[in-house]
Amino acid sequence: MPTRANRPKTKQPTINDVAALAGVSKKTVSRVINESPLISEKTREKVKTVIAELGFVPNPQARALAFRRNFLIVLLHDNPNAQTVLNFQNGVLDAIKDSDLALLVRPVDRDSDDMLENVRVFLEKQRPIGALLLPPISENDDLTELCQSLGVRYVRIGSAELDEPGKCISSNDREVVEKACRKLIELGHRRIGFVRGPQGFRSARERELGFQDALRGAGLTMSEELIAQGNYRIDSGTEAGHKLLSLKDRPTAIFASNDEMAAGVMQVALGNGISVPEQLSIIGFDDSPTATHIWPRLSTVRWPIREMGAHAAHMLVSEFLPPVPGINEPEYAMLASTFVERQSVAAPEK
């Protein structure tokens with residue numbers, strides 16, 4: 001009777017076994033595993049049949065060596081809104097959950113003189129297949145040129161088109177903010193405050209342009225005293241609320257460029273005995289959990305950031321992911337935001 005030490009072991013099938021049974025080279029098997037378009041459908045099916053019969057499981061580390069890349073996607077960001085990063089990250093994870101890919105999340109400092117060099121060192125060390133770039137660093141052309149020089153494919157996320165098709169997922173911030181503010185005007189609001197997003201963000205600029213478009217379309221002028229600077233954090237919304245609501249002729253409605261700042265404005269209003277929406281209507285942007293965790297629930301623009309994450313992952317590494325019908329069609333370069341009306345908006349008091 002064989003002892004435990006000399007009992008025969010079941011040999012795991014190798015890529016060489018697959019190649020021999022399929023009558024192809026090891027390189028061809030590798031190309032099939034990596035979904036290369038250079039293989040004919042007939043050869044592809046033959047190799048896949050042998051893989052299934054043998055129960056061969058490709059070694060991700062060996063694949064990485066053959067591909068000269070690790071099976072990693074990098075998410076680079078310098079965004080003050082943690083919920084935006086988390087929602088986008090969850091969208092990417094939705095897309096890659098049934099693949100061999102993994103996600104690395106890397107914060108960077110866009111104001112640092114060393115940002116590009118730090119990113120270069122990181123990308124050279126990790127050797128990812130590609131990088132996903134969240135705003136505002138997605139607006140940095142030097143960063144995308146760095147990715148290209150290192151052979152790292154990328155996809156940029158933005159509030160407007162930032163790159164050629166296949167390298168950018170955008171949203172319609174300007175258009176949807178105009179629609180949201182037009183709702184306020186239709187309800188009868190004429191003195192409308194605006195809380196800006198942080199300087200240097202394309203999203204902040206696009207949302208302000210949408211606000212201006214709505215006023216201009218109604219024949220209203222944009223008053224500087226009704227504008228407050230914010231940075232997408234709740235404390236800046238609180239500061240903006242104190243400024244706007246302390247005016248002698250205070251606004252009857254305020255549009256804040258994200259939900260966190262809108263919540264800060266609402267906090268100030270309610271703390272000063274100003275009822276929402278009876279005495280003050282408020283609209284935000286994002287449709288983050290904050291929008292439904294406060295009362296009255298916040299009217300806001302739903303930014304499809306989680307869906308953008310999933311679509312960006314497919315745009316970046318579609319050959320490594322199960323196909324999803326229609327997800328790589330050209331129209332998916334832009335995912336539209338929508339206005340969601342809740343309890344924080346009403347006609348102004350007479």
Side-chain angles (χ1 to χ4, degrees), residues 34-37 63-64 67-79 81 84-96 99-112 114-171 173 200-203 206 303-321 324 327-335:
N34 290 312
E35 302 291 341
S36 169
R63 290 180 68 195
F67 197 67
R68 295 186 180 179
R69 294 282 170 192
N70 286 317
F71 281 79
L72 299 173
I73 299 174
V74 172
L75 170 56
L76 298 175
H77 74 90
D78 180 11
N79 194 301
N81 191 331
T84 294
V85 178
L86 178 61
N87 288 345
F88 185 85
Q89 173 183 312
N90 285 337
V92 176
L93 294 175
D94 289 342
I96 69 173
S99 74
D100 291 331
L101 298 171
L103 175 66
L104 284 180
V105 180
R106 180 76 169 187
V108 302
D109 180 1
R110 68 189 176 103
D111 295 322
S112 168
D114 299 327
M115 186 198 80
L116 288 175
E117 183 58 28
N118 290 338
V119 171
R120 177 191 295 278
V121 171
F122 176 75
L123 294 179
E124 287 178 338
K125 180 178 179 180
Q126 298 298 332
R127 294 186 302 139
I129 294 173
L132 299 170
L133 312 177
L134 274 179
I137 62 166
S138 59
E139 299 158 16
N140 188 322
D141 291 336
D142 291 336
L143 179 56
T144 57
E145 289 175 8
L146 171 63
C147 290
Q148 287 180 314
S149 71
L150 296 175
V152 176
R153 62 181 85 170
Y154 66 85
V155 171
R156 306 162 93 165
I157 314 303
S159 295
E161 292 185 9
L162 300 174
D163 214 312
E164 62 189 78
K167 294 183 177 180
C168 178
I169 300 284
S170 62
S171 59
D173 289 25
F201 279 46
R202 181 67 179 270
S203 60
E206 291 295 312
W303 194 33
I305 188 64
R306 185 163 184 159
E307 292 89 336
M308 293 172 83
H311 282 74
H314 277 275
M315 183 177 283
L316 186 72
V317 288
S318 61
E319 68 269 36
F320 297 96
L321 302 177
V324 176
I327 202 167
N328 292 311
E329 294 300 317
E331 62 264 30
Y332 281 104
M334 196 281 286
L335 297 184

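On a predicted model such as this, the values are computed, not experimentally measured, just so you know. Numbers for residues simply follow the sequence, beginning at 1.
Looking at Arg153, its side chain never comes within 3.5 Å of a backbone N or O of Gly130 through a donor-acceptor pair. Proximity of a side-chain donor or acceptor of Ser99 to a complementary backbone N or O of Phe320 within less than 3.5 Å is not detected. With hydrogens and angles disregarded, no donor-acceptor distance shorter than 3.5 Å links the side chain of Asn87 to the backbone of Ile305. The backbone N or O of Asp78 lies less than 3.5 Å from no partner atom in the side chain of Arg110, so there is not a single donor-acceptor pair.
Taken to the nearest 0.5 Å, the CG atom of Leu146 stands 6.0 Å off from the CG atom of Leu123. The line from CG of Leu76 to OH of Tyr154 is 13.0 Å long, rounded to the nearest 0.5 Å. Note that CG of Leu86 is 10.0 Å distant from CG of Asn81, once rounded to the nearest 0.5 Å. The line from CG of Asp141 to CG of Asp163 is 7.5 Å long, rounded to the nearest 0.5 Å. For the atom pair CD1 of Ile73 and CD of Gln126, the computed distance is 13.5 Å after rounding to the nearest 0.5 Å. Arg120 contributes atom CZ, which lies 11.0 Å from atom CG of Leu143 (distance to the nearest 0.5 angstrom).
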Apply side chain to side chain contact (heavy atoms under 4.5 Å, CB included) to Asn118 and Val108, showing your working.
CA-CA 8 Å; Asn118 290 338; Val108 302; over 6 Å; no
Candidate pair Val74 and Phe122, rule side chain to side chain contact (heavy atoms under 4.5 Å, CB included), full reasoning:
CA-CA 10 Å; Val74 172; Phe122 176 75; 3.6 Å; yes
Does the side chain to side chain contact (heavy atoms under 4.5 Å, CB included) test come out yes or no for Leu321 and Leu101, once each step is laid out?
CA-CA 9 Å; Leu321 302 177; Leu101 298 171; 3.8 Å; yes
Could you walk me through whether Leu162 and Arg202 pass the side chain to side chain contact (heavy atoms under 4.5 Å, CB included) check?
CA-CA 10 Å; Leu162 300 174; Arg202 181 67 179 270; 3.9 Å; yes
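Using a 4.5 Å heavy-atom threshold, the side chains of Leu75 and Val92 count as separate. In this structure, Met115 and Asn140 have side chains that are in contact, with non-hydrogen atoms separated by less than 4.5 Å. Phe88 has its side chain out of reach of Asn79: every pair of non-hydrogen atoms, C-beta onward, lies at least 4.5 Å apart.
Side-chain N/O atoms of Ser112 and Asp114 include no donor and acceptor closer than 3.5 Å.
Across Ile157 and Pro135, no two heavy atoms sit closer than the pair O-CD, 3.3 Å. Nearest heavy-atom pair, Ser203 versus Ser159, reported as atom, atom and distance to 0.1 Å: CB-OG, 3.1 Å. Taking both residues in full, the closest heavy atoms of Ala313 and Ala95 are given as CB-CB, 3.7 Å, listed atom of the first, atom of the second, then distance.
More than 12 heavy atoms of other residues, nucleotides or ligands shown are found within 6.0 angstrom of CD on Gln148.
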